[in-house]
A.B. asks: 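One structure, as structure tokens, below. Some questions next.
For the single chain, residues carry numbers from 1 onward in sequence order. Indexing begins at 1, ligand by ligand and atom by atom, following the structure's order.
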Amino acid sequence: MTSTRFDIIVIGAGIAGLTSALALRETGCSVAVLDRGEPGAEASWAGGGILCPLYAWRYPPAVLAVAVAGMRRYPALLASLDSGIDPERMVTGMRILDPIGADETRDSITATLSGVGIRHEWQPGTAGESLWLPEVANVRNPRLLDALLETARAQGVALFPQRAAQGVEIHSGRVDAVRTATGTLRAERVVVAAGAWSEAFIPGLRAGSLFPVRGQMLRVEPRAANGLDHIRMKDNVYLIPRVDGSVVVGSTVEHAGFDKTVDDDAQVGLHDAACRLWPALAEAAVTHRWAGLRPGSVDEHPVLGEHPEIDGLWVNTGGFRNGLAMAPATADLLAALMTGQPTALDPAPYRVERLLAS
Ligand SMILES: Cc1cc2nc3c(=O)[nH]c(=O)nc-3n(C[C@H](O)[C@H](O)[C@H](O)COP(=O)(O)OP(=O)(O)OC[C@H]3O[C@@H](n4cnc5c(N)ncnc54)[C@H](O)[C@@H]3O)c2cc1C
């Protein structure tokens, strides 16, 4: 049993946990981050790294607002990282070949994108009009997570890999400690950022409020000849060119519990769609196939704020399909709320209360 006491313990070292830890460390708090496995190796490792919502206009305004705030914050976040690792952010732009869905018009899409300041151009093509978003960037997730980890270490965040939280101790309505198999770590406050596994640490949630949503991806080998220089998307399948010339193809959206199995049918479907989108990819070998579990919430909004019935128990999860893009903004919002500072975004739509059983 250890008697170490931190100002703040963050449960989960994904993008949400690490950006939260850095933002909180900057306020002068002592911060520890626990992960039950290797830090950064779950959804945040598995994602595509696109720093903009896909079909952005289809999201509720509060989801779009935090995602756009996050994508705008990325250059400053990356510039602040204290590591020799390059997250390979590339501004490639994104072309959406089937932008206008049922009940949508060119004008309604333009109004939403203009309203949040996403630059866009409608461009004619042989297969119809496409939408070009010139400012969209992507990052290489594993490199970003490694750079965040190195920075957290350099800035004095205490990192506890392979140390699963088993529960949060609450006394007289106040959080007090986090229990692990090898001892209890005491803290004034705890931030639950355990991604798809967060529900276990948030007492009183309505069943099914938070859940995993599997996403499968694949990657094809670097080939100079493939010529793809932008993110390209149709029918919910997207292609992302990386700095080394490889192309990442994503993704499925599957409700399969905590199962990260990669299945052949889904992979063949993704690969076929990718080759239709960019025929040169048919010549390239698939080098990697994987799946990750996005942290979903029942109303698709992130979950951020203090538990209304437990002092000191905070939550930052529910990033779902945009958790990487929104992370710098949710971390800022969390740190502002925890230190009583003014917030750049209205926190109301993200509050924990909405998911509690009455
Ligand atoms: C296939 C796929 C494609 C995606 N593409 C994009 C994209 O292009 N752009 C975008 O913005 N988003 C994308 N996303 C979504 C994004 O990756 C996630 O929303 C985001 O990574 C969630 O981060 P997180 O930190 O909340 O969760 P995670 O990264 O899952 O981190 C949670 C951490 O908590 C740890 N943990 C769990 N239980 C415990 C415990 N008991 N004790 C201690 N630690 C624990 C886990 O080990 C894990 O490291 C994608 C996701 C997937 C799966």
A.B. asks: What protein heavy atom sits nearest atom 10 (C) of ligand 1, and how far off is it?
C.D. replies: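 Residue, atom and distance for the closest contact: R321 O, 3.3 Å.
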A.B. asks: Below 4.0 angstrom from a heavy atom of L324, which ligand 1 atoms are there? Numbered from 1 as shown, please.
C.D. replies: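 Counting atoms of ligand 1 from 1, those under 4.0 Å from L324 are 10 (C), 11 (O), 12 (N), 16 (C).
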A.B. asks: At the 4.0 Å heavy-atom cut-off, does Y238 count as touching ligand 1?
C.D. replies: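 It does, in that a heavy atom of Y238 comes within the 4.0 Å cut-off of ligand 1.
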A.B. asks: Check whether any N or O atom of G40, backbone or side chain, sits under 3.5 Å from an N or O atom of ligand 1, and answer yes or no.
C.D. replies: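 No, there is no polar N/O contact under 3.5 Å.
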A.B. asks: Please state which part of A193 comes within less than 4.0 Å of ligand 1, counting heavy atoms only: side chain, backbone, both or neither.
C.D. replies: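 Answer for A193: backbone.
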A.B. asks: Please evaluate residues M338 and S20 with respect to the criterion side chain to side chain contact (heavy atoms under 4.5 Å, CB included), reporting the C-alpha separation (whole Å), side-chain torsions for both, the decisive distance (0.1 Å), and the verdict.
C.D. replies: CA-CA 11 Å; M338 289 181 76; S20 297; over 6 Å; no
A.B. asks: Rounded to the nearest 0.5 Å, what separation is found between the CD1 atom of I96 and the CG atom of L133?
C.D. replies: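 Answer rounded to 0.5 Å: 5.0 Å.
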A.B. asks: Quick check: is I170 connected to I9 through a chain of hydrophobic side chains (ILVMFWY, heavy atoms under 4.5 Å apart)?
C.D. replies: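 I9 and I170: one cluster.
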A.B. asks: Should I11 and I202 be counted in the same cluster of Ile, Leu, Val, Met, Phe, Trp and Tyr side chains packed under 4.5 Å apart?
C.D. replies: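 Shared cluster, yes.
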A.B. asks: Given side chain to side chain contact (heavy atoms under 4.5 Å, CB included), test V213 with H255 step by step and report yes or no.
C.D. replies: CA-CA 5 Å; V213 184; H255 293 270; 3.8 Å; yes
A.B. asks: Number the atoms of ligand 1 from 1 as they appear, then name those within less than 4.0 Å of a heavy atom of G12, with their elements.
C.D. replies: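 Ligand 1 atoms under the 4.0 Å threshold to G12: 33 (C), 34 (O), 35 (C), 44 (N).
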A.B. asks: If you count the atoms of ligand 1 from 1 in the order shown, which ones are under 4.0 Å from a heavy atom of L34?
C.D. replies: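 That gives atoms 43 (C), 44 (N) of ligand 1.
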A.B. asks: Using heavy-atom distances, let me know which of G296, A165, A200, P212 sits nearest atom 40 (C) of ligand 1.
C.D. replies: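 The option holding the nearest heavy atom is A165.
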A.B. asks: Judged on heavy-atom distance to atom 46 (C) of ligand 1, which of D35, N322, I15, V10 sits nearest?
C.D. replies: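 Among D35, N322, I15, V10, the closest heavy atom to atom 46 (C) of ligand 1 belongs to D35.
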A.B. asks: Could you tell me the separation between the OG1 atom of T27 and the CD1 atom of I8, rounded to the nearest 0.5 Å?
C.D. replies: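 Those atoms lie 6.0 Å apart.
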A.B. asks: For E26, I'd like to know if atom CD has over 12 heavy atoms of other residues, nucleotides or ligands within 6.0 Å.
C.D. replies: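 No, because the 6.0 Å sphere around CD of E26 holds 12 heavy atoms or fewer from other groups.
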A.B. asks: Quick check: E42 and ligand 1, any N/O pair under 3.5 Å apart?
C.D. replies: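 No - when backbone and side-chain N and O of E42 are compared with those of ligand 1, no distance drops under 3.5 Å.
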A.B. asks: Mind checking the CG-NZ spacing from L239 to K234? Nearest 0.5 Å is all I need.
C.D. replies: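 Between atom CG of L239 and atom NZ of K234 there are 12.0 Å.
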A.B. asks: Quick one: does I50 get an N or O within less than 3.5 Å of an N or O on ligand 1?
C.D. replies: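 Yes; at least one N/O pair falls below 3.5 Å.
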A.B. asks: So V33 and F160, side chain to side chain contact (heavy atoms under 4.5 Å, CB included) or not? Walk me through it.
C.D. replies: CA-CA 6 Å; V33 183; F160 294 89; over 6 Å; no
A.B. asks: Step by step, would you call V157 with L18 a side chain to side chain contact (heavy atoms under 4.5 Å, CB included)?
C.D. replies: CA-CA 9 Å; V157 172; L18 290 173; over 6 Å; no
A.B. asks: Regarding ligand 1, does G47 bring an N or O atom to under 3.5 Å of one of the ligand's N or O atoms?
C.D. replies: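 No; every N/O pair is 3.5 Å or more apart.
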A.B. asks: Got an N/O contact under 3.5 Å between G323 and ligand 1?
C.D. replies: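 The answer is yes, given that G323 and ligand 1 share an N or O pair closer than 3.5 Å.
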A.B. asks: Hey, looking at atom 53 (C) of ligand 1, which of M71, R294, Q166 has the closest heavy atom?
C.D. replies: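 Going through M71, R294, Q166 one by one, R294 has the nearest heavy atom to atom 53 (C) of ligand 1.
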A.B. asks: Which residue from R214, K260, R163, R36 reaches closest to atom 36 (N) of ligand 1 through any of its heavy atoms?
C.D. replies: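 When every heavy atom of R214, K260, R163, R36 is considered, R36 comes closest to atom 36 (N) of ligand 1.
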A.B. asks: Consider every N or O of M326 and every N or O of ligand 1, then say whether any pair is closer than 3.5 Å.
C.D. replies: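 No; the residue has no nitrogen or oxygen that sits under 3.5 Å from a nitrogen or oxygen of the ligand.
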A.B. asks: Short list, please: which atoms of ligand 1 are under 4.0 Å from a heavy atom of P295?
C.D. replies: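 Listed by number with element: 18 (C), 19 (O), 22 (C), 26 (O).
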A.B. asks: If you measure every N/O of L293 against every N/O of ligand 1, is any gap under 3.5 Å?
C.D. replies: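 For ligand 1, there is no N or O atom that lies under 3.5 Å from one belonging to L293.
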A.B. asks: Would F201 count as a contact of ligand 1 if the rule is a heavy atom under 4.0 Å away?
C.D. replies: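 F201: in contact with ligand 1 (<4.0 Å).
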A.B. asks: Out of A194, G17, G195, whose heavy atom is nearest to atom 27 (O) of ligand 1?
C.D. replies: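 Comparing heavy atoms across A194, G17, G195, the nearest one to atom 27 (O) of ligand 1 lies in G195.
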A.B. asks: Can you find a non-hydrogen atom of A196 under 4.0 Å from ligand 1?
C.D. replies: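 No, A196 has no heavy atom closer than 4.0 Å to ligand 1.
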A.B. asks: Look up atom CZ in R354 and atom CG in D299, then write down how far apart they are to the nearest 0.5 Å.
C.D. replies: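 So the gap between those two atoms works out to 4.0 Å.
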A.B. asks: Among A67, A41, S44, A13, whose heavy atom sits nearest atom 23 (O) of ligand 1?
C.D. replies: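 It is S44 that holds the nearest heavy atom.
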A.B. asks: Pairing donors with acceptors under 3.5 angstrom, does anything connect the side chains of D263 and T261?
C.D. replies: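 Note: D263 and T261 side chains miss the donor-acceptor criterion.
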A.B. asks: Tell me the protein heavy atom at minimum distance from atom 17 (O) of ligand 1, and give that distance in Å.
C.D. replies: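 Looking at atom 17 (O) of ligand 1, the protein heavy atom closest to it is A43 O, 3.2 Å.
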A.B. asks: Would L337 and I310 show up in the same hydrophobic cluster when neighbours are defined by side-chain heavy atoms closer than 4.5 Å?
C.D. replies: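 No, L337 does not connect to I310 through the hydrophobic network.
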A.B. asks: Taking distance alone, with N or O pairs closer than 3.5 Å, would you say A164 contacts ligand 1?
C.D. replies: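 By distance alone, the answer is no.
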A.B. asks: Checking R73 against T19: is there a side-chain donor and acceptor pair closer than 3.5 Å?
C.D. replies: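 R73 and T19 do not have a side-chain donor-acceptor pair below 3.5 Å.
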A.B. asks: Among protein heavy atoms, which lies nearest atom 19 (O) of ligand 1, and at what distance?
C.D. replies: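 Ranked first by proximity to atom 19 (O) of ligand 1 is F320 O, 2.7 Å.
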A.B. asks: Is it the case that ligand 1 has an N or O less than 3.5 angstrom from some N or O of G292?
C.D. replies: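 In fact, backbone or side chain, G292 has no N or O that close.
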A.B. asks: If you measure only the distance, is there a donor-acceptor pair under 3.5 Å linking the side chains of S246 and D244?
C.D. replies: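 There is such a pair between these side chains.
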A.B. asks: Is G250 near ligand 1, meaning one of its heavy atoms is under 4.0 Å from it?
C.D. replies: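 For ligand 1, residue contact (heavy atoms, under 4.0 Å) with G250 is absent.
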A.B. asks: Run the numbers for me: atoms of ligand 1, each under 4.0 Å from some heavy atom of I11, listed by number.
C.D. replies: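 It comes down to these atoms of ligand 1: 42 (N), 43 (C).
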A.B. asks: Side chain to side chain contact (heavy atoms under 4.5 Å, CB included) with L345: which of V66, V68, T330?
C.D. replies: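 It is V66, the one option of V66, V68, T330 that forms the side chain to side chain contact (heavy atoms under 4.5 Å, CB included) with L345.
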A.B. asks: Check whether W278 forms a cation-pi arrangement with R232 (NZ or CZ under 6.0 Å from the six-membered ring centre, at most 45° off the ring normal).
C.D. replies: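 No, R232 does not lie over the aromatic ring of W278.
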A.B. asks: Side chains of N236 and Y55: do they bring a donor and an acceptor to under 3.5 Å?
C.D. replies: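 Side chains of N236 and Y55: no pair found under 3.5 Å.
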A.B. asks: Using a 3.5 Å cut-off on N or O atoms only, is G48 in polar contact with ligand 1?
C.D. replies: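 The answer is yes, given that G48 and ligand 1 share an N or O pair closer than 3.5 Å.
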A.B. asks: So which protein heavy atom does atom 31 (O) of ligand 1 come closest to, and at what separation?
C.D. replies: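 Of the protein heavy atoms, G14 CA, 3.4 Å lies nearest.
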A.B. asks: What residue and atom, counting heavy atoms only, is the protein's closest point to atom 11 (O) of ligand 1, and at what distance?
C.D. replies: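 Checking every protein heavy atom, the shortest distance to atom 11 (O) of ligand 1 gives A325 N, 2.7 Å.
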A.B. asks: Could you tell me, atom by atom, which parts of ligand 1 come under 4.0 Å of a heavy atom of G215?
C.D. replies: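 This gives 1 (C) as the contact atoms.
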